[in-house]
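Below is one structure, written out as structure tokens; the observations come after it.
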Amino acid sequence: MTTIPKSEIHELVTGAFKKAGLTDESAINEIYTHLMYNELCGKRSHGLLRVKWSIDYIKKHGLPIKSPDIALDNGALTIIDGQNNLGLVTARYAADIAISKAKTHGIAFVGARNHFGTTGTMHYYNRLFVDNGLVGIAGCNSFAMVCHPDGFDPVLGTNPISFGIPSAKTPCIIDVTTAQWAYGKLLEFSKAGKDIPVDAFVDKDGKPSTNIKDAKDGAMLPMNGYKGFAIGLAIEVLSGALIGAKSGLKAVQGSDGIFFITINPDMLVGQAIFEEQVEALLQEIKSSRHDAEITELLIPGERSESTYQSNQGKEHIDVVDTVYNELKDLVA
């Protein structure tokens with residue numbers, strides 16, 4: 001690990017994207033904001049190591065045509081055309097639309113397609129929804145990497161599912177991959193020189209492997225067998241075929257996709273009542289009996305929020321050495 005001033009990280013990230021040909025300052029700022037948020041939350045798998053990943057996608061797919069735009073507007077149902085922007089930029093545009101639509105209609109479904117590269121963490125978008133008093137559901141697909149529990153050909157993306165639930169004191173943000181492990185987490189282990197878990201993926205012949213290359217050359221395993229695969233399949237359809245994006249490896253062609261469902265509790269039971277009742281439930285959970293050596297029962301998202309608040313005020317943060325070197329190489 002190397003301790004680096006945040007100001008230097010900002011210069012490296014913005015410099016890297018400008019060198020890659022991205023000139024839209026607002027797009028660069030959103031990319032930096034999202035990746036740094038993840039880094040400060042302790043989600044390094046979706047933090048700064050995604051800079052090189054994103055720039056590699058720019059080199060492969062080219063620069064954006066123009067800013068993301070609305071392709072279909074049916075009131076509470078909306079589809080966004082990402083116009084070949086990075087997923088981080090397109091998804092933030094879609095999230096803002098989802099917030100506005102839910103405040104108007106009470107509920108919204110917003111899908112986004114025609115983007116490339118990482119969309120970051122679903123946690124990030126649900127944090128936006130929670131901050132606006134909305135319940136959020138978010139999911140996305142990606143390059144097919146996950147096999148059927150009884151097979152070993154990649155047929156689904158790692159397809160996270162996430163929920164954001166506002167409450168009076170303790171926002172609850174659930175964000176899980178439907179693969180056994182998030183690919184970014186495995187990449188983080190690899191770059192940090194840590195061992196790869198043996199239950200993460202198989203090679204092209206279906207044999208267990210800990211060679212990070214086999215996560216792409218072979219297939220990643222679904223979370224908890226059929227249960228994780230079934231949820232991943234649903235996410236593949238909701239963020240793919242339903243909104244005109246791709247599904248699977250070859251079955252339905254197109255780009256990756258992402259969807260947001262936002263619900264306005266104020267238009268159902270009232271904001272204050274909802275948040276108070278959620279908080280009562282969460283506190284009941286936290287006060288339930290547990291082993292003496294466990295100091296506190298944490299609500300999903302609570303550890304990330306605590307880590308973020310701890311790191312937010314610091315002028316320096318620790319960055320994995322290989323990631324820091326990548327950033328310097330990108331602007332050299």
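For reference, positions follow the sequence shown, starting with 1.
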(request) Any chance you could pull the hydrophobic cluster mates of Tyr93, using side-chain heavy atoms under 4.5 angstrom and chaining through other members? (result) Ile70, Ile80, Ile97, Val110
(message) Tell me whether Gln253 at atom CD has more than 12 heavy atoms from other residues, nucleotides or ligands lying less than 6.0 Å away.
(response) yes
(message) Which residues pass the side-chain contact (heavy atoms from CB on, under 4.5 Å) test with Lys204, not counting sequence neighbours?
(response) none
(request) Could you tell me whether Glu326 and Lys52 make a salt bridge, using a distance below 4.0 angstrom between a side-chain N and a carboxylate O? (result) no
(request) Report the hydrophobic cluster partners of Met223, with the cluster defined as I, L, V, M, F, W, Y residues connected by side-chain heavy atoms closer than 4.5 angstrom, directly or transitively. (result) none
(message) Show me the pairs that pass salt bridge (Lys or Arg N to Asp or Glu O under 4.0 Å) and involve residues 232-242, at least two apart or across chains.
(response) Glu236-Lys246
(request) Decide if atom CG of Asp195 counts as having more than 12 heavy atoms of other residues, nucleotides or ligands within a radius under 6.0 Å. (result) no
(message) Determine whether the aromatic ring centres of residues Phe260 and Phe129 are separated by less than 6.0 angstrom.
(response) yes
(message) Is it the case that atom NZ in Lys213 sees more than 12 heavy atoms from other parts of the structure closer than 6.0 Å?
(response) no
(request) Could you tell me the separation between the CG atom of Asp318 and the CD atom of Glu39, rounded to the nearest 0.5 Å? (result) 9.5 Å
(request) Could you list who else is in Leu221's hydrophobic cluster, with ILVMFWY side chains joined at under 4.5 Å, directly or through other members? (result) Phe152, Val202
(message) Quick test of your reading: applying ring-ring contact (aromatic ring centres under 6.0 Å, His included), list the pairs with at least one residue in residues 8-34, sequence neighbours left out, ordered by first then second residue.
(response) His10-Tyr32, His34-Tyr124, His34-Tyr125
